[in-house]
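Here the structure is laid out as structure tokens; the discussion comes afterwards.
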Amino acid sequence: MKKLIKQPILFKNINLPINDYLFIILMWLVSRLVIIIAMQVVAPLMHTSPVHPYWQPPYPLDYNPGFFPQPGWELFSHWDGKWYRKIAVEGYSYARDGNQYPIAFYPLFPLISRGLMVLGLPFEVAGTLVNNFAFLGALLLLYSWVKERHGSYVAKWSTAVMIWCPFSLYGTVIYTEGLFLLLTTAALRAFDNRQYVWAAICGALASATRATGITLLPTFILLAWQEKKPLSAYLAGLCVPLGLISFSVYCAIAFKDPLAFVHIQKAWAQPSWWEILTDAIAVGKDSLIKVVMVFGGGYMLWYFRHQLSKTAVTYGFCSLLLIIFSGALMSVSRYAYGIVSLSWALGLVFSRHNRWGYAILTWFAISLYTYAFNFSIWNWVA
């Protein structure tokens, strides 16, 4: 008889054989090793003179034109990581003067990182640990959730997709992907299993982590109405915006602007869908990936709408619609990766078409290595 490991609290009702845990942890470790080798070994060896990417003034926060990569935790903190460091170390600042300020970034991730810093860890170490272990937790939850409906075979494919997708880089560097995937997957799975208190708690925390966490609100309300769920299901949905509301209250008190985190978005230039689509037609790689992930992801959700959990399908469509109409399209590929439903759907595809699955996962692994290398030398990835 296979021995089971039972997890408490956040991982309540996860009862997996040890072999399942070994599969998830081993895949996680190997994929993270690919990232570490690219960033901490290859990049420093290849760039012994200053890196000169295409950026011109004004430079990204804390970017030095004379930068060259050296092994260390700092390489995990480029781009948004610098903003989260600023929040964790200095706190928020804001002014309506057209410049960029850290108020654009939601508070839960830097707050947890700050908590670890109290133990004496530098921010770069604390932020990296938070994101990586949160990402591992998200993988465990996804595996368990998919296995409940489809068995371990599909669960392994879905987990492999989330692990090896090149945008899983952001589950290792100092970004919010790991924490966001953990909280949204926990909330959705809890709602699916009628654990509405836990769905409410994780949902509220998700909306304090990233703007797209708010899509749990329409997801829970729509499903509660459609499936005639009890009042507690509606209350779970109404609790989701508490994280966002708390952030808004802070902005009102600190800066006299409850929507400061919205107004500041104008300081970051964003492409339009017209620009993305025309570039994709011209086979621009990044734009083509955006189009495939968003609209191809929508097609997969529709195609598998009867195989996937209704919770996953509803959340997937709500999230895609928010991404499409938000106007924040520079990182749309990364935001789409943060929709756990899409990893589940693609896992279903690969479980039925193994050869394509292995080929695409191989391409994913190569791209993950390339993305990690470019991230470490301040080249924009997503």
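- For the pair R334 and F167, the cation-pi test (distance below 6.0 Å, angle within 45°) is failed.
- No donor-acceptor pair closer than 3.5 Å links the side chain of T172 to the backbone N or O of N132.
- Side-chain atoms of S31 come within 3.5 Å of backbone N or O of W28 as a donor-acceptor pair.
- For the salt bridge (charged side-chain N to carboxylate O under 4.0 Å, His left out) test, residues two or more places apart in sequence or in another chain that qualify with K229 are E227.
- Ring geometry for W344 against H150 counts as perpendicular: the plane angle is over 60°, on a 0 to 90° scale with 30° as the lower cut.
- When Y84, Y59, Y63, W378 are each tested for a ring-ring contact (aromatic ring centres under 6.0 Å, His included) with W79, only one passes: W378.
- Below 30°, between 30° and 60°, or above 60°: for F247 and Y92 the angle between ring planes is between 30° and 60°, a tilted geometry.
- A salt bridge is defined here as a Lys NZ or Arg NE, NH1 or NH2 lying under 4.0 Å from an Asp or Glu carboxylate O, and E74 with R85 fails to meet this definition.
- Listed here is the closest heavy atom pair of I174 and G127: CG1-C, 4.0 Å.
- Among the candidates Y234, W225, Y315, F191, the single residue satisfying the ring-ring contact (aromatic ring centres under 6.0 Å, His included) test with F220 is F191.
- Looking only at distances, a side-chain donor or acceptor of S207 sits under 3.5 Å from a matching main-chain atom of G243.
- With S272 contributing its side chain and E275 its backbone, the two residues share a donor-acceptor pair below 3.5 Å.
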Test side-chain contact (heavy atoms from CB on, under 4.5 Å) applied to L140 and Y21, step by step: CA-CA 8 Å; L140 290 168; Y21 281 96; 3.7 Å; yes

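- The six-membered or imidazole ring of F295 lies near that of W273, with a centre-to-centre distance under 6.0 Å.
- Within the 3.5 Å criterion, the main-chain N or O of I366 finds a donor-acceptor partner in the side chain of T370.
- Between Y106 and F261, the distance from one ring center to the other falls under 6.0 angstrom.
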Could you check H263 against F255 for ring pair (Phe, Tyr, Trp, His ring centres under 6.0 Å), going step by step and ending with a plain yes or no? CA-CA 12 Å; H263 295 148; F255 306 113; over 10 Å; no

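- For the residue pair T215/S319, the side-chain donor-acceptor check at 3.5 Å is satisfied.
- A distance-only check finds a donor-acceptor pair linking the side chain of Q40 to the backbone of G72 [under 3.5 Å].
- Taking the six-membered ring for Trp and the full ring otherwise, the centers of H353 and Y358 sit at least 6.0 Å from each other.
- For W157 and W356, the ring centers are positioned 6.0 Å apart or more.
- Side chains of N131 and Y175: a donor-acceptor N/O pair is absent below 3.5 angstrom, by distance only.
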Go through it in stages, so that I can follow the logic: the residues are V340 and M162, the test is side-chain contact (heavy atoms from CB on, under 4.5 Å), and I'd like the CA-CA distance, side-chain angles, deciding distance and then a yes or no. CA-CA 8 Å; V340 64; M162 185 178 283; 3.6 Å; yes

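- Under the 3.5 Å distance criterion, the side-chain polar atoms of T209 are matched with a main-chain donor or acceptor of L205.
- Judged by distance alone, the side chain of S168 and the main-chain N or O of I163 form a donor-acceptor pair under 3.5 Å.
- Formation of a donor-acceptor pair under 3.5 Å by the S158 side chain with backbone atoms of A155 is not found in this model.
- Judged by distance alone, with hydrogens and angles left aside, the side-chain atoms of Q270 form a donor-acceptor pair with the main-chain N or O of M330 at under 3.5 Å.
- In the model, S144 has a side-chain atom that pairs as donor or acceptor with a side-chain atom of R189 under 3.5 Å.
- Residue F133 qualifies as open at atom CZ: its count of foreign heavy atoms under 6.0 Å is 12 or below.
- A cation-pi arrangement is present between R210 and F180, with the terminal nitrogen or guanidinium carbon under 6.0 Å from the aromatic centre and inside a 45° cone about the axis.
- The two residues L216 and A206 come nearest to each other via the heavy atoms CD1-CB, 3.9 Å.
- Considering only residues two or more places apart in sequence or on other chains, W164 meets the ring pair (Phe, Tyr, Trp, His ring centres under 6.0 Å) condition with none of them.
- Across all non-hydrogen atoms, the minimal contact from G297 to L342 is O-CD2, 3.6 Å.
- Of all non-hydrogen atoms in A138 and G178, the two that sit nearest each other are CB-O, 4.4 Å.
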